[in-house]
J.: 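Dropping the structure in here first, questions after.
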Amino acid sequence: MDTCITLETILATDREINLIKTFECGQCFRWQADEMGIYTGVASGKVLNIRQEKGLILCDAIESDLPFWRNYFDLDTPYDEAAVLFSQPEHLKICAEYGAGIRILRQEPWEALCSFIISQCNNIPRIKSIIRSLSALYGKPLRQGLFSFPEAEVIANLSEDDLSPLRCGYRAKYILDAARTVSEGRLPLEELCDMPADEARKKIKTIKGVGDKVADCFMLYGLHRMDSFPVDVWMKRALKKHFPPDFDPKTLGNWAGLAQQYIFFYERSSKGEK
DNA sequence: TGCCAGGCGACGC
DNA sequence: GCGTCGCATGGC
């Protein structure tokens, strides 16, 4: 494939974002590093090659796409304002220091919803593989042999048989129900951003195969509702092991989602150490 | 070779 | 409301 990719555009500095942590912290499934440390991924039908080098984040975006990518990487949100809030409990402080540099990506709502439906009771390599297959089968071809994430409208017109090459098991019918819900406009995205979290979660959970956890992931990663605090098996373990019983993420307000990401990343990175 | 994976829905109580 | 079980599949 491409033997030489030149990355000349400065997107940010490495004080604004740590690229590796951001891609590897478990929030996204479509970014892949090569042996040179160049990450390649797709968002909103655009391919980007990007790397961290000598204090800078260099990429091959065209000038007119820079605002899009700065928004995607959420570079204009002042994450350092959360530091005071994260100074306790002690374990949250540890996780926040460990995860410093992570940005919560502004992923496309439909892609995030579908991805986290696929994620249920699944491991990350396999989640990535299923999403890759789904895109290759029903997305649009882009450069470097990559594909866009298929539109909800495209998936909505498929059958379970059409999804059988994905080998995604019982999740296939959930994907179809989600696609039909979205494509028929039964999930008003703007309203979901503004309404109280409990109300939004209830609406999202009308999709088959979407419970509290997937709904919270959709709100955090797809709608950028930073008040969401998804709790999965890793988070349950972390909360039980390291946090006082009365710890309530709601007290973190609009930084709860970032705290969750720090805790999740630390828990997965340090597994087996204690 | 089993155990487990960023869960969920149905069912029984 | 809460505990349990089956669900498809493959990574490790």
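Throughout, a chain's letter reflects where its sequence line sits, starting with A, and its residues are numbered from 1.
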J.: C/dT9 phosphate, OP1 or OP2: any side-chain N/O from A/Arg126 under 4.0 angstrom?
T.: no
J.: Please report the distance separating the P of C/dC5 from the corresponding atom of B/dC4, rounded so that it comes out in whole Å.
T.: 15 Å
J.: Classify the side chain of A/Gln27 and the base of B/dG6 as holding, or not holding, a donor-acceptor pair under 3.5 Å.
T.: no
J.: Answer yes or no: does a side-chain N or O of A/Arg171 lie under 4.0 Å from OP1 or OP2 of B/dG9?
T.: no
J.: Rounded to whole angstroms, how far apart are CG on A/Asn122 and C1' on C/dA8?
T.: 9 Å
J.: Do A/Asn49 and A/Tyr39 make a side-chain contact, defined as non-hydrogen atoms from C-beta onward lying under 4.5 Å apart?
T.: no
J.: Rounded to the nearest angstrom, tell me the gap between atom CZ in A/Phe218 and atom C1' in B/dC8.
T.: 18 Å
J.: Just checking A/Val231: base, sugar-phosphate only, or nothing, at a heavy-atom cut-off of under 4.0 Å?
T.: nothing
J.: Could you tell me whether the side chain of A/Leu223 reaches within less than 4.5 Å of the side chain of A/Phe218, counting heavy atoms only?
T.: yes
J.: Whole-Å distance between C/dG11 P and A/Ile124 CD1?
T.: 14 Å
J.: A/Phe264 has an atom CZ; how far is it from atom C1' of B/dG7, in whole Å?
T.: 13 Å
J.: Does A/Tyr221 get its side chain close enough to the base of B/dG6, under 3.5 Å, for a donor-acceptor pair?
T.: yes
J.: So, the side chain of A/Asp162 versus the backbone of A/Ser159: is there a donor-acceptor pair under 3.5 Å, distance only?
T.: yes
J.: In whole angstrom, what separates A/Phe229's CZ from B/dG6's P?
T.: 17 Å
J.: On a whole-Å scale, what distance lies between the P atoms belonging to B/dC11 and C/dA8?
T.: 15 Å
J.: Less than 3.5 Å between a donor and an acceptor, one on the side chain of A/Tyr170 and one on the base of B/dG9, is that the case here?
T.: no
J.: Select from A/Tyr174 and A/Pro125 the residue whose nearest nucleotide in DNA chain B is closer to the 5' end of that strand.
T.: A/Pro125
J.: Distance check needed: B/dG6 P versus A/Gln107 CD, whole Å only.
T.: 16 Å
J.: Between A/Ile207 and A/Asp232, which is nearer to the 5' end of DNA chain B once each is assigned its nearest nucleotide?
T.: A/Asp232
J.: Verify whether the ring centers belonging to A/Phe264 and A/Phe229 lie closer than 6.0 Å.
T.: no
J.: Kindly point out which of B/dG6, C/dA8, C/dG10 is positioned nearest to the side chain of A/Arg167?
T.: C/dG10
J.: How are the rings of A/Trp69 and A/Phe73 set relative to one another: parallel (under 30°), tilted (30 to 60°) or perpendicular (over 60°)?
T.: tilted
J.: Expressed in whole Å, how much space separates the C1' atoms belonging to C/dT9 and B/dT1?
T.: 16 Å
J.: Could you tell me the separation between the CD1 atom of A/Ile131 and the C1' atom of C/dG11, rounded to a whole number of Å?
T.: 16 Å
J.: Nearest 0.5 Å, please: how far is CD in A/Glu63 from CG in A/Leu66?
T.: 5.0 Å
J.: Separation of A/Lys208 atom NZ from B/dG7 atom P, in whole Å?
T.: 21 Å
J.: Looking for any heavy atom pair under 4.0 Å, which part of the strands does A/Gly26 touch: base, sugar-phosphate only, or nothing?
T.: base
